[in-house]
J.: 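A single structure is presented below for examination.
Read the numbers this way: they start at 1 and go in the same order the structure lists the ligands and their atoms.
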Amino acid sequence: MTFRLVLVVACALVDPDGRVLIAQRPEGKALAGLWEFPGGKVEPGERPEQTLIRELAEELGVAVEEPCLAPLTFASHAYDDFHLLMPLYVCRRWEGTVTGREGQAFRWVRPDRLRDFPMPPADEPLIAHLVDLL
Ligand code: 9L3
Ligand code: MG
């Protein structure tokens, strides 16, 4: 049996009050309407940390700094047509103001309230790690 493995990176931006940013996947994308830790697919030739920097600039208009980037944990999920592998990074320092550059909604949420938001199946198991960390 073969399967397609897709590497996606995701980031928990954490503000000085310990709240975590989640963004709502916009209409027209897979899993539209669900709340996620922002990020996206690693493109050929990219290091995952570069992907994270690129995706957060594209989606949220912020510049995260490489030194703050180390995976906290990894998520995986088997979709119908591919297997997702997704490291979660945590970042407390960035430049710029978060903006929904793709028209998406976003919210800053206390870790113990993250379960109130419907998330993609890969993201849900990550909540417990954030609750432990923060
Ligand atoms: N995905 C799931 N949780 C996340 C992210 C950033 C992505 N936190 C899933 C949704 C898509 C795939 O990974 O099926 C690729 O993501 P994107 O490039 O559409 O953001
Ligand atoms: Mg994305």
J.: Restricting to non-hydrogen atoms, name the atom on L114 and the atom on M119 that form the minimum distance, rounded to 0.1 Å.
T.: CD2-CE, 4.2 Å
J.: Does at least one non-hydrogen atom of R25 fall below 4.0 angstrom from an atom of ligand 1?
T.: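 The answer is yes, since R25 has a heavy atom less than 4.0 Å from ligand 1.
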J.: Of all the atoms in ligand 1, which lie at a distance below 4.0 Å from a heavy atom belonging to D123?
T.: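 Contacts of ligand 1 toward D123, numbered from 1: 2 (C), 3 (N), 4 (C), 8 (N).
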J.: Heavy-atom distance under 4.5 Å between the side chains of L13 and V20, does that happen here?
T.: no
J.: Would you call E102 and K29 a salt bridge, taking side-chain N to carboxylate O under 4.0 Å as the test?
T.: yes
J.: Using heavy atoms and a 4.0 Å limit, tell me yes or no: is M86 in contact with ligand 1?
T.: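 Yes, M86 has a heavy atom closer than 4.0 Å to ligand 1.
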J.: Within the 4.0 Å heavy-atom shell around G40, which atoms of ligand 1 are there?
T.: 6 (C), 18 (O), 20 (O)
J.: Using heavy-atom distances only, which candidate in L7, L84, T51 approaches atom 13 (O) of ligand 1 most closely?
T.: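 The nearest heavy atom belongs to L84.
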J.: Distance to 0.1 Å, residue and atom name: give those for the protein heavy atom nearest to atom 12 (C) of ligand 1.
T.: V8 CG2, 4.1 Å
J.: In the protein, which heavy atom is nearest to atom 5 (C) of ligand 1, and how far is it?
T.: E36 OE1, 3.2 Å
J.: I'd like to check which ligand 1 atoms, numbered from 1 as shown, lie under 4.0 Å from a non-hydrogen atom of L31.
T.: 10 (C)
J.: Quick one: CD on E49 to SG on C11, what's the gap to the nearest 0.5 Å?
T.: 11.0 Å
J.: At a threshold of 2.8 Å, where the distance has to be below it, does the Mg ion (ligand 2) have an N, O or S atom of E55 nearby?
T.: no
J.: Any salt bridge linking E65 with R93? Criterion: basic side-chain nitrogen under 4.0 Å from a carboxylate oxygen.
T.: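 Answer for the salt bridge query: yes.
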J.: Do any nitrogen or oxygen atoms of F37 lie less than 3.5 angstrom from nitrogen or oxygen atoms of ligand 1?
T.: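 F37 vs ligand 1: N/O contact under 3.5 Å present.
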J.: Has ligand 1 got any nitrogen or oxygen that is less than 3.5 angstrom from a nitrogen or oxygen of K29?
T.: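 In this structure, K29 places no N or O atom under 3.5 Å from an N or O of ligand 1.
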J.: Measuring only between side-chain heavy atoms, which start at C-beta, is F106 closer than 4.5 Å to V98?
T.: yes
J.: Do any nitrogen or oxygen atoms of Y79 lie less than 3.5 angstrom from nitrogen or oxygen atoms of ligand 1?
T.: no
J.: Is any side-chain N of the basic residue among E46 and R54 closer than 4.0 Å to the acidic one's carboxylate O?
T.: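 So E46 pairs with R54 through a salt bridge.
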J.: Which atoms of ligand 1 are found less than 4.0 Å from any heavy atom of G39?
T.: 6 (C), 20 (O)
J.: Please verify the inter-ring angle class for W35 with F117; under 30° counts as parallel, over 60° as perpendicular, anything in between as tilted.
T.: perpendicular
J.: Drop me the distance from F74's CZ to L7's CG, to the nearest 0.5 angstrom.
T.: 8.5 Å
J.: Show the atoms of ligand 1 that are less than 4.0 angstrom away from any heavy atom in F82.
T.: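 Going through ligand 1 atom by atom, the ones under 4.0 Å from F82 are 14 (O).
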J.: Is any N, O or S atom of K41 under 2.8 Å away from the Mg ion (ligand 2)?
T.: no
J.: Evaluate side-chain contact (heavy atoms from CB on, under 4.5 Å) for L85 paired with H77, printing each intermediate quantity in order.
T.: CA-CA 7 Å; L85 177 64; H77 184 73; over 6 Å; no
J.: Among the N, O or S atoms that E59 has, which is closest to the Mg ion (ligand 2)?
T.: OE2
